[in-house]
Amino acid sequence: MLSMSEVRVRFAPSPTGALHIGGVRTALFNWLFARRHGGKFILRIEDTDRTRSTDESIQIILDGMKWLGLDWDEGPFRQTERMAIYREHVDKLLGQGKAYYCYCTPEELEARRKEALAAGRPPKYDRKCRLLKAPVPGRTPAVRFLSSDEGQTIVRDLIRGAVTFENQQLDDLIIMRSDGFPTYNFAVVVDDVTMKITHVIRGDDHLNNTPRQIQLYQALGYEPPEFAHLPMILGPDKTKLSKRHGATAVTEYKDLGYLPEALVNYLARLGWSSGDQEIFSKQELIDKFSLENVGKAPSVFNPEKLLWLNHHYIQQAEPGRLADLLLELLKKDGIIPAEARPDREWMKRLVCILTERSHTLVEMKNSAIPFVAEDIHVDEKARAKHLTSDAVPLLLLLVERLKAAKPFTHAEIEKVFNGLVAEKGIKLGKIAQPVRVALTGGTVSPGIYEVIEVMGKDKTIKRIETAIGKIQN
RNA sequence: GGUCCCAUCGUCUAGCGGCCCAGGACGCUGGCCUCUCACGCCGGAAACACGGGUUCGAUCCCCGUUGGGACCA
């Protein structure tokens, strides 16, 4: 059972590149946990690796979280702004004899490690500097934590259960480098303590770091938080998801035409479940989220299912919202000029006939091109098959009747087609397909009456006449 | 190599000893609908890694094997 005190969780990405799928899932679970328990979600930027950390990356992370609607209550805090705090804690340990200066150089360490390995001993730090009485001249020391050699450290993980580590296995880890920067394991502990984090929910890859962090908490005189280690997200080849598996950055999914709610829903169901339910609104997720229902096994990222969800959410979305997104895309791709101001109601009608067969916004954009562009590109195969000379009399007759149709609505257009079909004793496809090719350039589109209605009388007639002209030449 | 974790259809998962000759979803597939493509609807194939225990009874508990993964180096 959760304690009475307020739940405080955090997401602590390193700003060394894009915001990844795995990271987002961790952020999402933290966020859901916070919202579920009415707690606080804190954002912390772990930027102590200053050779790889960039401000652009921080911005990408913030933008990605905002896009997904993962709002944070405190932060973003940056570790580089907290150096005094780490120093203070290092001094505290040093003062209590729980840490010591180490003057060994990386080269010396490496040599001794190889030696140990060669002699069949475990490659653990030999505590050479532990009993040093005076500083080694000309060298700037790092600081090592004096870890316990005996007993065990038990991680009571909310997902894994009790995981036992022999303390003997853990060596005296460096907590502060000679350049004065704290190491990951130390900074994390100090940050989580000072930020009063109650639940550390993070990737499985940190499970092995946890016992040494627990020792650090204890040495510092603090109660460790609760831990929950989430299983990894894998690529199709069952190795940790990475760039070589294709799109892994949140921004890529945005650019590919995914809706944030689709990604959120998909990621929530990756490693977590609630009975047989597949579709979850954000509120349902908040209401139902529980660490108990997080699985232990790693899960393979399945783009197919994400696509299905995206399709689903496109159907659910407000046409007005989709119209805005579509317009943005059309402008971005230069299909319509940036200064164009198409009628929004018309855009909504266009969206409505397109959603059903759009799995992504990009697909929708492509289907929208014939409606918004001046000219169309006619697919050669489609032209050869459907824009034939025996279609000409039908097309001519159709144009004539379309011109007379009023109002120019789905119902009236349908009447025109039905009339033609009945009089000529033909199948609808005989006339619908040539018209489809004439209007859209291809053989695939929404229902032909809808296409004609949304395209409008002028454009429809112009395109059919153009097609007739080309057949006759 | 050492340490730790994990193991149900191809994939995400339900299952927390009998309701399971294992349910849902994606994908795949047969059919219906149909002006194209979709959507939708109906149907199908598809899994408890293996071997020991425990138990009246194991997908579910324990041990081992195998296989995967992570971390450390």
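Per chain, numbering begins at 1; letters A, B, ... match sequence-line order.
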| message | Using modelled atom types and a 3.5 Å cut-off, is there a donor and acceptor pairing between side-chain atoms of A/Tyr266 and backbone atoms of A/Asn302? | response | yes
| message | Looking at A/His386 and A/Gly442, would you say the former's side chain and the latter's main chain have a donor-acceptor pair under 3.5 Å? | response | no
| query | Will you find, in the side chains of A/Arg383 and A/Thr388, an N or O donor that is under 3.5 Å from an N or O acceptor? | reply | no
| message | Between the side chains of A/Glu380 and A/Lys385, is the shortest nitrogen-to-carboxylate-oxygen separation below 4.0 Å, so that they form an ion pair? | response | no
| With both distances kept under 3.5 Å, what pairs with B/C41, Watson-Crick or G-U wobble? | B/G31
| query | Mapping A/Thr164 and A/Phe301 to their closest nucleotides on RNA chain B, which lands nearer the 5' end? | reply | A/Thr164
| request: Give A/Leu207 one of three labels, base, sugar-phosphate or nothing, depending on what nucleic acid heavy atoms sit under 4.0 Å from its own. | output: sugar-phosphate
| When you compare B/C6 with B/C62, how far apart are their P atoms, in angstrom units rounded to a whole number? | 11 Å
| task | Look at all strands and tell whether A/Ser274 reaches a base, only sugar-phosphate, or nothing, counting heavy atoms closer than 4.0 Å. | result | nothing
| field | Same-atom distance (P) from B/C60 to B/C21, integer angstrom | value | 15 Å
| Main-chain N/O of A/Val454 paired with A/Trp346 side-chain donor or acceptor, under 3.5 Å | yes
| note | For B/C21, the nucleotide meeting Watson-Crick or G-U wobble distances (both under 3.5 Å) is none
| task | May I ask you to say what A/Glu304 touches in the nucleic acid, namely base, sugar-phosphate or nothing, with a heavy-atom cut-off under 4.0 Å? | result | sugar-phosphate
| Inter-nucleotide C1' distance (B/U54, B/C61), Å rounded | 8 Å
| Is there a residue in residues 249-265 of chain A whose heavy atoms reach under 4.0 Å of RNA chain B, and which residues are they? | none
| message | For a quick check of understanding: with a heavy-atom distance under 4.0 Å over all strands, which category does A/Arg160 fall into, base, sugar-phosphate or nothing? | response | sugar-phosphate
| Say you pick atom P in B/G18 and the same atom in B/U59; how far apart are they, in whole Å? | 11 Å
| Does any N or O in the side chain of A/Asp172 come within less than 3.5 Å of the main-chain N or O of A/Leu146, such that one atom is a donor and the other an acceptor? | no
| task | Would you grab the first and last nucleotide of RNA chain B (5' to 3') that comes under 4.0 Å of any non-hydrogen atom in chain A? | result | B/G2 to B/A73
| request: Can you tell me which residue pairs pass the side-chain hydrogen bond (donor to acceptor under 3.5 Å, both in side chains) test with a partner in residues 455-470 of chain A, sequence neighbours excluded? | output: A/Lys403-A/Glu465
| Contact class for A/Gly429 (heavy atom, under 4.0 Å): base, sugar-phosphate, or nothing? | sugar-phosphate
| task | Scan A/Pro446 against the nucleic acid and name what it touches under 4.0 Å (heavy atoms): base, sugar-phosphate only, or nothing. | result | base
| query | Among A/Arg212, A/Gln215, A/Gln152, which residue meets the side-chain hydrogen bond (donor to acceptor under 3.5 Å, both in side chains) test with A/Asn167? | reply | A/Gln215
| field | C1' gap between B/A46 and B/U8, integer Å | value | 12 Å
| request: Would you mind checking if A/Asp171 and A/Arg144 are paired as a salt bridge, meaning a charged N to carboxylate O distance below 4.0 Å? | output: no
| said: Please give the distance between the P atoms of B/A38 and B/C28 as a whole number of Å. | reply: 11 Å
| query | B/C60 pairs with which nucleotide, Watson-Crick or G-U wobble, both distances below 3.5 Å? | reply | none
| request: Provide the Watson-Crick or G-U wobble partner of B/G1, both distances under 3.5 Å; none if there is no partner. | output: B/C72
| query | On a whole-Å scale, what distance lies between the C1' atoms belonging to B/C48 and B/G23? | reply | 13 Å
| said: Any donor-acceptor pair under 3.5 Å linking the side-chain atoms of A/Asp191 with those of A/Tyr86? | reply: yes
| Counting any heavy atom closer than 4.0 Å, what does A/Gly442 reach on the DNA or RNA strands: base, sugar-phosphate only, or nothing? | nothing
| said: Need one value for A/Gln169: base, sugar-phosphate or nothing, where a base atom within 4.0 Å counts as base even if backbone is also close, heavy atoms only. | reply: sugar-phosphate
| request: Sticking with atom C1', work out how far B/G15 lies from B/C56, rounded to a whole angstrom. | output: 22 Å
| query | Considering Watson-Crick and G-U wobble pairs with both distances under 3.5 Å, what does B/G10 pair with? | reply | B/C26
| task | Could you pick out which residue, A/Trp308 or A/Gly295, lies toward the 5' side of RNA chain B when each is mapped onto its nearest nucleotide? | result | A/Gly295
| query | At under 4.0 Å between heavy atoms, what does A/Ser445 touch on the DNA or RNA strands: base, sugar-phosphate, or nothing? | reply | base
| query | With a 4.0 Å cut-off on heavy atoms, is A/Thr443 in touch with a base, just the backbone sugar-phosphate, or nothing at all? | reply | base
| Are side-chain heavy atoms of A/Phe181 and A/Arg50 found at a separation under 4.5 Å? | yes
